[in-house]
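Working notes, structure below.
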Amino acid sequence: MLAAVDISPREAEVLELIGAHLSNAEIGARLCISVRTVESHVSSLLRKLDVPDRRALAQRAPEPAADAAPSHRAPVLPSLLTSFIGRADERAELAELIRTHRQVTAAGPGGVGKTRLALAVAAQAAGEYSDGVWFVDLVPVTDPGMVATAVAGALGLGEQPGRDMTESVAAALADRHALLVLDNCEQVADGVALFLERLLAACPRVTVLATSRARLMVPFERVYAVPPLSLPTDGGSDAVTLFMERAEAVGWPLDPGLRDQIAAICERLDGMALAIELAAARYPTLGLDGITAALSHPLRMLTGGSRADQRHRSVRAALDWSHALLEPADRALLRRVSVFAAPFTAGAAAEVTGDEEGLVIDGLARLAEQSLLVVSASPGGTEYRALETIRQYGTERLTEAGELADIRSRHLRWCLAKAAGLAVVREDWRARFDLVANDLRAALAWAADQPEQRAEAYDLARHLAGLAFTRNLVGESQRRHEQAAALADDPGSAASALRHASVVAGCRMRGDDMFRLRCAAADAARRSGAAAGAAADLAAAATATFRFATTFVRLPAPGEVLALMDKARELAGDDPAALAAVATAEAGWTLHAAVTGGQALGDAVTVGQLIGDAATDGQVLGDTARGGALLGDVVGAGRGESDDSVPETIARAERAVQLTHRTGDPLAESTALDVLTGALSWAGDTYAAAATTQRRITLLTSAPTTPATTHELIEALGEAAEASLGTGDLPAARQWARRLAEHPLLAEVGHRATNWLLVTDALAGNVDQVVAGSVRFLDAWHRAGSPAQSYLGRAMAAVAMIHGLRDDHDARREWQEVLTQLGTLPGHAYGYGAIFDAMLLLHRGQAAEALERMAPEPRQVWQWVTWIWHHWYVALRTEAAVLAGNPGARDSLTEARTIVAGNPVAGAIVERAAALLDGDEQALLATANAFETAGCRYQSARTMVLAGGDHAERGLAVLAELGVAPMAPHR
C-alpha cells in the first residue's frame with residue numbers, strides 16, 4: 001500500500017514508530033534526531049499519505065509480520081560489548097520485584113555487577129512496558145541538580161517554559177507505562193531522591209529500577225541487595241564461567257580441566273564481577289599461576305570486617321595488582337585520564353596529560369587491553385571511558401601522587417578552551433557540546449570549591465550559562481548565571497550575571513525568579529556603587545510584576561512594588577536611563593491601578609478581563625501584545641496622572657522611539673517600538689501598528705543573539721503575525737508565524753509555537769497545513785499537561801473550523817471539546833470565535849445563522865473584537881447580511897468599505913458582498929483574482945462557486961484540491 005508513495009527511509013522509520021504509538025520526543029530519542037525534525041517528517045507523511053491526523057498515520061504504518069512477537073517498544077538500552085553471564089536466580093528475583101514495586105534499588109558494592117544485572121532484567125522485561133524501557137547513565141552527572149536534565153536527555157525531551165526539567169519529564173511520562181533505569185545513583189543520591197519523589201507521585205504507571213551503592217531513602221523504594229557471582233558448587237559457577245569466557249574473548253581459551261584453579265582465583269576475588277574481568281584480562285600475560293601469585297599478597301590483608309567490606313577490598317586488591325603490573329607511564333596515564341567525567345578522545349587525553357598524542361594512543365590501547373578502559377566508536381572518532389569504580393580508583397591514585405590539583409587545573413583549562421571554542425555555533429555544534437558538557441560541569445564543580453581557581457570557575461560558569469541557553473537548557477542556563485554571580489570577585493560582575501539570570505528566567509516564564517533576581521541585581525549594583533544601575537534593576541523588577549503577571553506563582557503585594565519604585569526614584573539621580581526605567585514602571589502602575597479600580601496587583605483575572613482580553617483577544621496581561629499596559633507605558637505620567645489623549649500618547653511613544661534609537665541599545669529601542677505598537681493598535685491605526693512590529697523585528701534580527709533579544713524577538717514575532725492578520729496581509733502573517741513556529745526555544749511548547757501559524761493558515765484556507773500543524777499543537781499541549789491558557793483558544797477554534805470545512809464531524813467535535821477545556825472566553829464569543837463560526841456557517845449556506853452569530857454591531861463589541869479581528873468581523877458580517885437578505889445590507893456595505901479600506905482580504909469580502917447585492921458578475925469575478933493575489937485560495941474558490949455556472953465548477957474543483965467539502969447553496 002505504501003510502495004506507490006515516495007516515502008524516504010527515514011520517513012518509513014518515523015511511520016513505523018508512529019504505528020507503535022510513540023510520541024515525537026520518543027521517536028527523536030530512538031532515531032537520534034531532534035523533535036523538530038520528527039515533526040517535519042510527520043507533516044510530510046500526512047501530506048504524502050493524504051491522511052488527516054496522527055491516528056490515521058498510525059493505521060497506515062506497516063503491520064508486523066504474522067510470526068512476529070506482540071508489538072512492544074524496543075528498549076532504549078546501551079549495547080553491551082560482551083555477553084551477560086548467568087545470574088538466573090537474581091534476574092528472576094529482580095524482575096519480580098519491578099513487577100510489584102514502583103521503585104527498586106539494586107544495591108551493592110562497586111564492581112559487583114549491578115549495572116549488567118539491571119540491563120539484563122530491563123531487556124527481559126521490555127515487553128511488559130507498552131511505552132518503553134529507558135536507560136539513564138548518571139556516571140557523568142556530578143551536580144545533583146542535573147539529574148532531571150540527564151533523564152530528559154535520554155528521553156529526548158527538552159525543558160518546557162513555565163516548568164522546570166523535572167516537571168517536563170513528569171508531564172511527558174504522566175500517562176505512560178514505562179520502565180526507567182537509573183544507573184550509578186550514588187554520587188548524586190540527593191538529587192535522585194528529590195527527582196524520584198516528584199516523578200513517582202506524578203507518574204503512577206512508571207517503574208524505576210535504580211543501581212546504587214546504597215539505598216536512596218525515597219518513598220516506594222524496595223532494596224535488592226545484589227550478591228556476588230555464584231562460586232563453585234555442584235551446580236556450576238557463574239564466576240568461573242565469566243572468567244573462562246572473558247579469557248576466550250581475548251584469544252586464550254581455557255581447558256575445562258583448569259576449572260578448579262580458576263575457581264580458586266574467583267573465590268579469592270569473592271565472586272566480584274569487575275575483579276574477575278580484570279583478572280581474566282591478565283591471563284594472556286600472567287597465566288593462572290601468575291594471577292594466583294599476584295593476588296596472594298594483597299589478599300593476606302583481607303581479614304576482619306563485614307563480608308561487604310571484604311568485597312570492596314577484593315575489587316581494590318584486583319585493581320591494585322592490575323595497576324602494579326602496568327608500566328609507570330601507563331599508571332600515570334590511567335590516573336590522569338580519571339579526571340574525565342564523560343567519554344574522551346585520545347586528543348583530549350593528550351591535552352590534559354601533557355603527553356604526545358601518539359604515546360597517549362598507545363597507552364590507551366594497552367589500558368583497554370587490560371579491561372581498565374572501555375573503547376567505543378563514535379561519529380567524532382574513537383572514545384575511551386573508565387568504569388566508575390576504576391575512575392574513582394584512578395582519582396585516589398592521582399591524589400596519592402600529589403598530581404590532583406595540577407591535572408584538575410589542566411582539565412579546567414581544557415574545558416575553558418572547549419567552552420570558548422563552542423562560542424561559534426555551526427552545524428555540528430550540538431554534538432560537540434554534548435560531547436564535552438559533562439566535563440564542563442565536572443570541572444566547574446571542582447573549581448568552584450577551590451579558592452585559587454575562583455576566577456576560572458567564574459569564567460567557566462559564564463561560558464556554560466551561555467552554552468546551555470544555546471542548547472535550550474534554559475533552566476541550567478539560569479542556574480549557571482546565578483552560580484557565576486556567586487563566584488564573581490566584585491559586586492558589579494555579580495549584578496551583571498544576576499541580570500542575565502533574570503532575563504533567562506523570563507524566557508522560562510518564571511516571573512517569581514525574574515523579580516527575585518532583579519532585586520538581587522539591584523543589591524549587588526548598589527554595593528558596587530552603581531546607584532543608577534540599581535535604580536533600573538528595581539524599576540525592572542516592579543515592571544515585571546504587571547507586565548508578566550501571568551508568569552508569577554505569587555505576585556508581590558502592591559505595597560512592596562510601590563516601595564521598589566520609591567527606592568528606584570531615590571537612586572536614579574539624574575541618570576537618563578534610570579529615570580526612563582522608573583518612569584516606565586510608574587506609568588505602567590498608573591494604568592494598572594486605573595483599570596483595576598485600585599484592586600490588588602495580584603488580581604490577574606481582573607487585569608486580563610479589563611486590559612488583556614480587550615487588547616489581545618483573551619490574553620491576560622503579560623502575553624504578546626499587552627495592549628493596555630503598553631498604553632500605560634507611553635502615557636509616561638507619574639502616579640495620579642491620567643486622561644492623556646490618544647494623539648498625545650502616540651506622540652510620546654514616537655518620541656521614546658527616537659530617544660532610544662540614539663542610545664544605540666536595540667533592546668531599549670525594541671521596548672519603545674513595542675510601546676508604540678500598543679498605542680497605535682489601541683488607537684485603531686492597524687496599518688501603522690503592523691509596520692511598527694515589522695520595524696521591531698528588523699531591529700532585533702540584526703542585534704546579537706542573547707537571551708534578552710531572544711525573549712524580545714519571540715514576543716515581537718507573535719505581535720507581527722497578529723498585526724499582519726489585522727491588516728489582511730496573510731503572506732506576511734505566515735512569514736512571521738512560521739519563524740515563530742520554528743524558533744528553537746519553543747521546540748518543547750509546540751502549542752505555543754504553532755498558535756499563530758494555525759490561525760493564519762485557517763484564514764487562508766490552507767487545509768493541509770492546518771491539519772499537519774494541529775498534530776504538533778495537540779501533542780505538545782497534552783505533553784504540557786493540557787494547560788487552560790486562554791490565548792490558545794484562537795488556534796483551537798481555527799482547527800475546528802477547518803475540520804468543519806472538510807465535513808469531518810468527528811474531528812471537529814474533538815477540537816470543540818478541547819476548546820471547551822479552556823472555559824468561557826470573551827474572545828471566542830465575540831472575536832475569533834465569531835469569525836471562524838461565521839466562515840463555516842457561510843460555507844454551509846447558513847447566512848442567517850452567520851448573521852445571528854455576529855449580531856452585535858462592530859462598535860458594540862470593539863473592546864472584545866479588538867483591532868486584529870475588527871476588519872474580519874465587519875467584512876464577514878456584511879457578507880452575511882447580504883446573503884441573508886437583511887434590509888440594512890446596503891447601509892452595512894457603505895460603512896464597511898470605510899472601515900476595511902486597505903485590507904486586501906476583508907476589502908475583497910466586502911466588494912464580493914456588494915457584487916452579489918448588485919448582481920454584478922464582472923465585479924464578483926474580480927474579487928476572485930483579488931483573493932488569489934492576497935494568498936487566500938479558499939476565498940477565491942468560494943467566489944467562483946458563488947458566481948455559478950462554469951465558474952462554480954472550477955471553484956468546486958479548487959475546493960476539492962484544498963481538501964474542502966463542497967459549499968452548500970444559501971437559503
E817 backbone acceptor or donor facing T820 side chain under 3.5 Å | yes
Salt bridge between D810 and R813, side-chain N to carboxylate O under 4.0 Å?
-> yes
Any sub-3.5 Å donor-acceptor pair from Y687's side-chain atoms to N903's backbone N or O?
-> yes
Over all atoms of both residues, closest heavy-atom pair of R912 and L924 | CG-CD1, 3.4 Å
Set of salt bridge (Lys or Arg N to Asp or Glu O under 4.0 Å) partners for R937, sequence neighbours left out | E932, E961
Note: I909 and Q939 closest approach over all heavy atoms is CD1-NE2, 4.5 Å
Value for CD (Q769) from OG1 (T760), rounded to nearest 0.5 Å, stands at 11.5 Å
Going by heavy atoms in the side chains, are I802 and L758 under 4.5 Å from each other?
-> no
Take atom CZ of R954 as the centre, draw a 6.0 Å sphere, and report whether it contains more than 12 heavy atoms from other residues, nucleotides or ligands.
-> yes
What is the ring orientation for H843 with Y938, classed by angle as parallel under 30°, tilted 30 to 60°, or perpendicular over 60°?
-> tilted
All heavy atoms of A896 vs all of T878, minimum pair found to be CB-OG1, 3.4 Å
Side chain to side chain donor-acceptor pair (under 3.5 Å) pairs touching residues 880-893, sequence neighbours excluded, are R890-D918
Are side-chain heavy atoms of L763 and I835 found at a separation under 4.5 Å?
-> yes
May I have the step-by-step check of side-chain contact (heavy atoms from CB on, under 4.5 Å) for V964 and R806, ending in yes or no?
-> CA-CA 5 Å; V964 174; R806 298 173 62 243; 5.6 Å; no
Walk me through it: do R897 and E911 pass the test side-chain contact (heavy atoms from CB on, under 4.5 Å)?
-> CA-CA 8 Å; R897 279 183 167 130; E911 292 307 319; 2.8 Å; yes
One should read off an interatomic distance between L876 CG and M839 CE, to the nearest 0.5 angstrom, of 6.5 Å
Verdict with supporting geometry, L725 and W756, side-chain contact (heavy atoms from CB on, under 4.5 Å) = CA-CA 9 Å; L725 285 176; W756 281 118; 3.7 Å; yes
Just by modelled atom types, is the A906 backbone N or O under 3.5 Å from a matching donor or acceptor in the W872 side chain?
-> no
Output the distance between atom CD (E13) and atom CD1 (I7), rounded to the nearest 0.5 Å.
-> 12.5 Å
Step-by-step side-chain hydrogen bond (donor to acceptor under 3.5 Å, both in side chains) determination, R752 to Q789 = CA-CA 10 Å; R752 181 180 170 197; Q789 294 170 322; over 6 Å; no
Sequence neighbours excluded, the answer for side chain to side chain contact (heavy atoms under 4.5 Å, CB included) partners of P966 is L956
From R696 CZ over to T677 OG1, what is the distance, rounded to the nearest 0.5 angstrom?
-> 7.0 Å
For the residue pair Q821 and S786, what are the closest heavy atoms and their distance?
-> OE1-CB, 4.4 Å
Do side-chain atoms of R812 reach the backbone of A800 as a donor and acceptor pair under 3.5 angstrom?
-> yes
Please work out whether the ring planes of H751 and F777 are parallel, tilted or perpendicular, with thresholds of 30° and 60°.
-> perpendicular
State, with a plain yes or no, whether a side-chain heavy atom of T943 is found less than 4.5 Å away from one of L925.
-> no
Side chains of L841 and E852 in contact at under 4.5 Å (non-hydrogen atoms) | no
What heavy-atom pair brings S670 and E712 nearest, and what distance separates the two atoms?
-> OG-OE1, 2.6 Å
For Q694 and S724, work out which heavy atoms get closest and say how close.
-> NE2-OG, 4.0 Å
Does the side chain of M796 reach to within under 4.5 Å of the side chain of V799, using non-hydrogen atoms?
-> no
When rounded to the nearest 0.5 angstrom, what is the spacing between CD in E722 and CD1 in I868?
-> 4.5 Å
Flag the pair H743 / T710 as yes when at least one side-chain heavy-atom distance between them is below 4.5 Å, and no otherwise.
-> yes
So how far is it from F836 CZ to R794 CZ, rounded to the nearest 0.5 Å?
-> 10.0 Å
Is there a side-chain contact between N766 and R734 (heavy atoms, below 4.5 Å)?
-> yes
Using the side chain to side chain contact (heavy atoms under 4.5 Å, CB included) rule, pick out the option among T754, N755, N472, I714 that qualifies with L746.
-> I714
L757 and L740: side-chain contact (heavy atoms from CB on, under 4.5 Å), yes or no, with the steps?
-> CA-CA 8 Å; L757 189 58; L740 189 66; over 6 Å; no
Is the closest side-chain heavy-atom distance between C936 and L730 below 4.5 Å?
-> yes
